[in-house]
Amino acid sequence: MESLPVDVSHPAVQDYLSLVRLQVLTPLSLLINIAALLVCSLIVNPSAGDIMKSHPTSISPSPRIIAAYVVAIFLGQIGYCVLLVMARKPETKTALVKAVGLSLVCANWLMALWAVSWVLQFFLLSTILLGLLVLCLLYSNIALLIYHQPTSSHPLDMALIHAPLRFFLILPLSILFPYSLFITLGLFYSPGHPEHYTRFAWPGFGVTFGVNLLGLAVILMRRDIVWAVAATWICASIWSARPKPTPVYITVILFTVLHPLALLGTLLYSRLTKREGRIALPTDEEHDTGSSGRRGPRELVWG
């Protein structure tokens, strides 16, 4: 065979080959991620949850609630993999190939490697991997906003592309990376001395307040349902793991209430302004023929 019957340098052919590559590599990386986390959580001793319990900090989350969050991430990625195979619209394929691409594959590999380094208690390596994971997912989420912004005209894309990737991003950004960094820096206390839980309270307050303030700003500006749910979930995982220093406890309780309230408030405000923002403006013809008493067609302007 001297040459292929198609021109592989053609952009359309390259996009098709990229999509086929993603259809193979993305489910494979997801399976590796699931297998690594299952082994590190259920088979290895000490497990990932045991490591969390043996290194309590002022921002330690509940392992069970975080495990439920991870299950939700995996379910969202399964839907994403189904969409990879079933996608027919050019806009959807562009988002999958150009925006997300191999970044989700890399993210799954990074999370699998993080699980291994975590149970081996290589905390510096764990922090580095989580930092890379945040950067990888941040890149894919920003690229999605550039190539394929979420709109109500593409509900499946919103549910199976935007939502899983944003949900995935919030976990390492809000809790896993800060928590691993705290342990790396020695900002934890011995589980045998629970009375020392107030140690390093103010670094914990700074992290929880800063991360949740960022999330609140995103919710207010973009009316982001996914971020509101995920941020509230993370806050609940922190205050449910007791004891907690008072500054941290009050902060996460406060934002557990503020995130859904901010979302409901912005949705209500948007709906009211759309209803009240309809105003009728006279057309140029009405100005010109105002003396004749006839009125031209009205133009609706939406606020």
Side-chain angles (χ1 to χ4, degrees), residues 1-43 48 67 69-118 125 128-150 154-172 176 226:
M1 184 175 65
E2 297 180 355
S3 63
L4 292 173
V6 294
D7 182 11
V8 294
S9 63
H10 193 277
V13 176
Q14 290 183 346
D15 289 344
Y16 174 77
L17 294 175
S18 298
L19 182 61
V20 173
R21 190 183 305 117
L22 291 176
Q23 290 172 346
V24 175
L25 294 179
T26 305
L28 178 62
S29 68
L30 177 59
L31 288 175
I32 291 173
N33 192 2
I34 293 174
L37 286 175
L38 285 177
V39 170
C40 293
S41 300
L42 302 176
I43 299 177
Y69 190 106
V70 173
V71 170
I73 290 175
F74 289 155
L75 291 176
Q77 286 201 51
I78 291 173
Y80 175 88
C81 292
V82 172
L83 186 64
L84 265 176
V85 178
M86 304 298 294
R88 295 294 180 267
K89 295 181 179 179
E91 299 87 355
T92 302
K93 292 181 179 180
T94 300
L96 294 170
V97 174
K98 300 291 187 181
V100 182
L102 292 173
S103 61
L104 183 58
V105 176
C106 295
N108 280 322
W109 275 100
L110 286 170
M111 193 166 184
L113 292 173
W114 164 78
V116 175
S117 65
W118 182 258
L125 178 60
I128 294 173
L129 291 172
L130 287 172
L132 294 174
L133 177 59
V134 170
L135 293 176
C136 187
L137 291 171
L138 191 62
Y139 164 79
S140 61
N141 277 272
I142 294 175
L144 271 177
L145 294 178
I146 296 174
Y147 284 99
H148 190 63
Q149 293 190 6
H154 298 87
L156 281 179
D157 295 358
M158 291 177 62
L160 300 179
I161 301 178
H162 290 271
L165 282 169
R166 200 168 306 131
F167 208 70
F168 196 177
L169 167 66
I170 295 168
L171 178 63
L176 291 185
V226 175

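Quantities reported herein were computed from a predicted structural model and do not represent experimental measurements. Computed over heavy atoms, backbone and side chain alike; hydrogens, waters and symmetry mates excluded.
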Undergrad: Do you know which two heavy atoms are closest between Pro164 and Ala159, and how far apart they sit?
TA: CD-O, 3.3 Å
Undergrad: Could you tell me whether the side chain of Leu171 reaches within less than 4.5 Å of the side chain of Met111, counting heavy atoms only?
TA: yes
Undergrad: Nearest 0.5 Å please: distance from the CG atom of Leu30 over to the CG atom of Leu25.
TA: 12.5 Å
Undergrad: Using 0.5 Å steps for rounding, measure from the CZ atom of Phe74 to the CZ atom of Phe168.
TA: 7.0 Å
Undergrad: Specify the closest pair of heavy atoms between Leu22 and Gly101, including all atoms of both residues, with the distance to one decimal.
TA: CD2-O, 3.2 Å
Undergrad: How many angstroms lie between atom CG of Leu96 and atom CD of Gln23, to the nearest 0.5 angstrom?
TA: 9.0 Å
Undergrad: Ignoring hydrogens, what is the shortest heavy-atom contact between Phe167 and Tyr69? Give both atom names and the distance.
TA: O-OH, 2.7 Å
Undergrad: Which atom names give the shortest non-hydrogen contact between Ala36 and Ala115, and what distance separates them?
TA: O-CB, 4.4 Å
Undergrad: Answer whether the closest heavy-atom distance between the side chains of Leu38 and Ile43 falls below 4.5 Å.
TA: no
Undergrad: Is Trp114 close to Asn33 at the side-chain level, that is, under 4.5 Å between some pair of heavy atoms?
TA: no
Undergrad: What are the two closest heavy atoms between Asn141 and Leu137, and how far apart are they?
TA: ND2-O, 2.7 Å
Undergrad: Side-chain contact test, heavy atoms from C-beta onward, threshold under 4.5 Å: evaluate it for Lys98 versus Ile146 and give yes or no.
TA: no
Undergrad: Which residues pass the side-chain contact (heavy atoms from CB on, under 4.5 Å) test with Ser41, not counting sequence neighbours?
TA: Ala48
Undergrad: Can you establish whether the number of heavy atoms outside Tyr139 located under 6.0 Å from its atom OH is more than 12?
TA: no
Undergrad: Nearest 0.5 Å please: distance from the CG atom of Leu19 over to the OG1 atom of Thr94.
TA: 10.0 Å
Undergrad: Any heavy-atom pair between the side chains of Ile161 and Thr92 that's under 4.5 Å?
TA: yes
Undergrad: So how far is it from Leu132 CG to Trp109 CH2, rounded to the nearest 0.5 Å?
TA: 15.5 Å
Undergrad: To the nearest 0.5 Å, what is the distance between CG on Leu133 and CD1 on Ile128?
TA: 13.5 Å
Undergrad: Should Leu83 and Asp157 be marked as a side-chain contact (heavy atoms from CB on, under 4.5 Å) after you check the CA-CA gap, both sets of side-chain angles, and the distance that decides it?
TA: CA-CA 8 Å; Leu83 186 64; Asp157 295 358; 4.0 Å; yes
Undergrad: Under a 4.5 Å cut-off applied to non-hydrogen side-chain atoms, are Leu160 and Val82 in contact?
TA: no
